[in-house]
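Everything below concerns the one structure shown next.
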Amino acid sequence: MSKRKNKTYKTNKNNTNLSRKRNTKNSPPASSRGQKNMTAEVTCTGLTNEGKGLAEWKGKQLEVPQLLPGEKAEVTVTKQGKFENAELKRVIESAEDRVEPPCPYYYECGGCQLQHMSNNAQAGFKQKTIDSLMKPFRKPNPILMMDHPYDYRNKSHTTFGTNQQRQVIGGLYAQNTHEIIPIDRCLIQDPKADEIVETIKDYMRNSKMQPYNEDTGRGFLRHVLIKVGKVSGEIMVVLVAASSEFKGKNKFVKTVRAAHPEITTMLLNVNKRDTSVVLGDQEKVLFGKGTITDTLCGLKFEISAKSFYQINPSQTEKLYGKAIEMAELTGKETVIDAYCGIGTIGLVASKEAGKVIGVELNKDAVKDAIRNSKRNGVKNARFYKGDAGEFMVEMAARGERAEVVIMDPPRSGSDEAFLSSVAKLKPARVVYVSCNPDTQARDLKYLVKHGYKVEEIQPVDMFPQTYHVESVAKLTRK
Ligand code: SAH
């Protein structure tokens, strides 16, 4: 049985008592580990790049989640090895920027980190983060924020299990743990997804369908992944199960579809491994075509269960619009769309380019990209499966040319193989889209050292309520 402790936050602004239960499975109370658990009064002096409050205590810098600059607060400090772990206990003097987090699970979930910050303060925090990381290059433009910074995620992911009363629950793992917090509504997700998950929970409570138990290896349903086409309204439901034997399949499909006629396809994905990776390799379509379609920047895209598709489509349109503007296309250029996913950026760019070459590691995404170019009648784009770095090395070795490279690597950023090939291919412009400005700054440094100049940086808020910052940078050859 996991230990839980009650937590009370008080702000003197509205004097609300935000009683929360914090999940402590992986970090039991300090006393039980024979560690010192101290209460300290601190003043917050700034924020980390992850939105945690910085406060000095006994000559050390504490990082306190949910604490804001200027605030005075009581915190619980626990020594964990060489480090001090700090938790907010009570805000004594609250900042103007503090707001009541609208989500009841905010303090225990960990999926969002900034709900206690006003939208203006979130914009300021993100701007400051990107400004400071990009200081060696140039001052970024003002960040493009979202008018309604909730309900935006088009993809939801729910983990199933049972509570101590052996009732079926579904929700998210509490941060850094494998304990599920039951969640009925996640405010940054499309509400439709939560409604479908509720139906599935009800179905399980009234049938023999069992959630998978990580400890015993028994049971069936591990996760449910839902993808929503925000423009098309099409919905994909993927059941991730521990076994391919789906007893009661027809009844399940019939019941869930009857409650949600908006579901256009349902799949069974089998994941037998003991892993934190959600999707397994085996996939079976239960009904529909196994993919959904959505419209982005005026083009239609087919999305499969495994392929990457931007999770905030309205902000993506702003991001891509800026990326294409930065590419300065005149209809003649050869454009490389590296780390292209299902081909979205490249296909949007193809209208204004001579030719587009896309490269992507995930084979399902490449298939989607090829289908997507046909579906949109694009004749000047080719997509290849492979490592972007290796692909570029080969292109450079063959002496091929490209005027523009658009790159959108994962959080870990690009690699030396890729960047050194860019330096060899010498495109006139590089447009670097990134969901992690830390690795973007690292890679920009390499490109600047190898003949490029950073001309413009545009941050976009793709992930409101979280500390993540997306940004697109334009580089030209010196
Ligand atoms: N440009 C796309 C996808 C960006 S996400 C979009 O906007 O939707 C990053 C993509 O890089 C993912 O699709 C991932 O599968 C792919 N990827 C990760 N490592 C890669 C590598 N080494 N070479 C090529 N693609 C890679």
Side-chain angles (χ1 to χ4, degrees), residues 152-155 227 229-231 277-279 281 291-324 326-327 335-350 353 356-373 376 381-396 404-422 430-437 439-440 443 458 460 462-463 468-473:
Y152 62 84
R153 281 188 68 99
N154 57 10
K155 184 172 99 172
K227 292 190 177 188
K230 287 273 190 184
V231 177
V277 176
V278 175
L279 293 175
D281 295 329
T291 56
I292 54 163
T293 310
D294 200 23
T295 302
L296 191 73
C297 299
L299 296 180
K300 281 213 162 138
F301 291 100
E302 190 161 353
I303 305 148
S304 50
K306 276 192 205 138
S307 54
F308 177 91
Y309 184 61
Q310 298 283 354
I311 56 108
N312 185 338
S314 64
Q315 290 297 92
T316 302
E317 292 194 334
K318 294 182 194 168
L319 177 79
Y320 285 3
K322 195 66 201 178
I324 307 270
M326 287 173 168
V335 178
I336 294 174
D337 178 10
Y339 309 90
C340 68
I342 61 169
T344 40
I345 302 181
L347 291 174
V348 177
S350 69
V356 171
I357 301 168
V359 57
E360 158 67 44
L361 203 54
N362 178 322
K363 69 173 191 312
D364 291 323
V366 177
K367 270 191 212 154
D368 288 347
I370 294 166
R371 266 204 296 249
N372 286 331
S373 66
N376 290 291
R382 295 283 173 278
F383 292 94
Y384 301 92
K385 187 206 163 293
D387 170 80
E390 283 171 18
F391 186 85
M392 288 289 278
V393 170
E394 284 162 22
M395 264 193 88
V404 178
V405 169
I406 302 178
M407 55 189 287
D408 184 7
R411 284 188 63 72
S412 53
S414 191
D415 56 23
E416 179 135 11
F418 185 91
L419 296 169
S420 63
S421 307
V422 170
V430 176
V431 177
Y432 190 145
V433 181
S434 164
C435 56
N436 183 356
T439 53
Q440 187 183 33
D443 295 346
Q458 178 64 62
V460 180
M462 295 277 276
F463 316 101
H468 296 284
V469 185
E470 182 93 15
S471 116
V472 50

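Nothing fancy with the numbering, it's 1 onward along the sequence. Whatever order the structure lists them in is the order used to number ligands and atoms, beginning at 1. Everything quoted here is computed from the prediction, not taken from an experiment.
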Could you give me the CA-CA distance, side-chain angles and deciding distance for F418 and Y339, then say whether ring-ring contact (aromatic ring centres under 6.0 Å, His included) is met?
CA-CA 11 Å; F418 185 91; Y339 309 90; 5.4 Å; yes
Heavy-atom nearest option to atom 7 (O) of ligand 1, drawn from Y384, F301, Y309, Y320
Y320
So, does Q440 use its side chain to make a donor-acceptor pair with the main chain of Y432 at under 3.5 Å?
yes
Is there a donor-acceptor contact under 3.5 Å from the side chain of D368 to the main chain of S304?
yes
I'd like to check which ligand 1 atoms, numbered from 1 as shown, lie under 4.0 Å from a non-hydrogen atom of Q310.
6 (C), 7 (O), 8 (O)
Classify the side-chain pair Y320/T344 by whether it contains a donor and acceptor separated by less than 3.5 Å.
yes
Considering the heavy atoms of G341, write down every atom of ligand 1 situated less than 4.0 Å from one of them.
2 (C), 3 (C), 13 (O)
How far is atom 26 (C) of ligand 1 from its nearest protein heavy atom, and which residue and atom is that?
Y339 CD2, 3.4 Å
Distance only, no hydrogens: is a donor on one side chain within 3.5 Å (strictly under) of an acceptor on the other, for S414 and D443?
no
G386 heavy atoms within 4.0 Å reach ligand 1 at atoms 23 (N), 24 (C)
Would you confirm whether N312, through its side chain, and M462, through its main-chain N or O, come within 3.5 Å as a donor-acceptor pair?
yes
Contact region, C340 to ligand 1, non-hydrogen atoms below 4.0 Å, reads backbone
Identify the closest protein heavy atom to atom 23 (N) of ligand 1: which residue and atom is it, and at what distance?
A388 N, 2.8 Å
Using a 3.5 Å distance criterion without hydrogens, assess whether the side chain of S421 forms a donor-acceptor pair with backbone atoms of A417.
yes
Per-residue contact class, D387 against ligand 1 - non-hydrogen pairs under 4.0 Å
both
Counting each atom of ligand 1 from 1 as listed, which ones have a heavy atom of F308 under 4.0 Å away?
3 (C), 4 (C), 5 (S), 6 (C), 8 (O), 13 (O)
Side-chain donor/acceptor of E302 to backbone N/O of N372, under 3.5 Å
no
Which atoms of ligand 1 have any heavy atom of T344 under 4.0 Å away?
6 (C), 7 (O), 8 (O)
Check: of D408, L361, L319, D368, min heavy-atom distance to atom 1 (N) of ligand 1 comes from D408
So which heavy atom in the protein is nearest atom 18 (C) of ligand 1, and how far is it from that ligand atom?
P410 CG, 3.5 Å
Got I345 and D408 here, is their nearest side-chain heavy-atom distance under 4.5 Å?
yes
How far is atom 16 (C) of ligand 1 from its nearest protein heavy atom, and which residue and atom name does that atom have?
E360 OE1, 3.2 Å
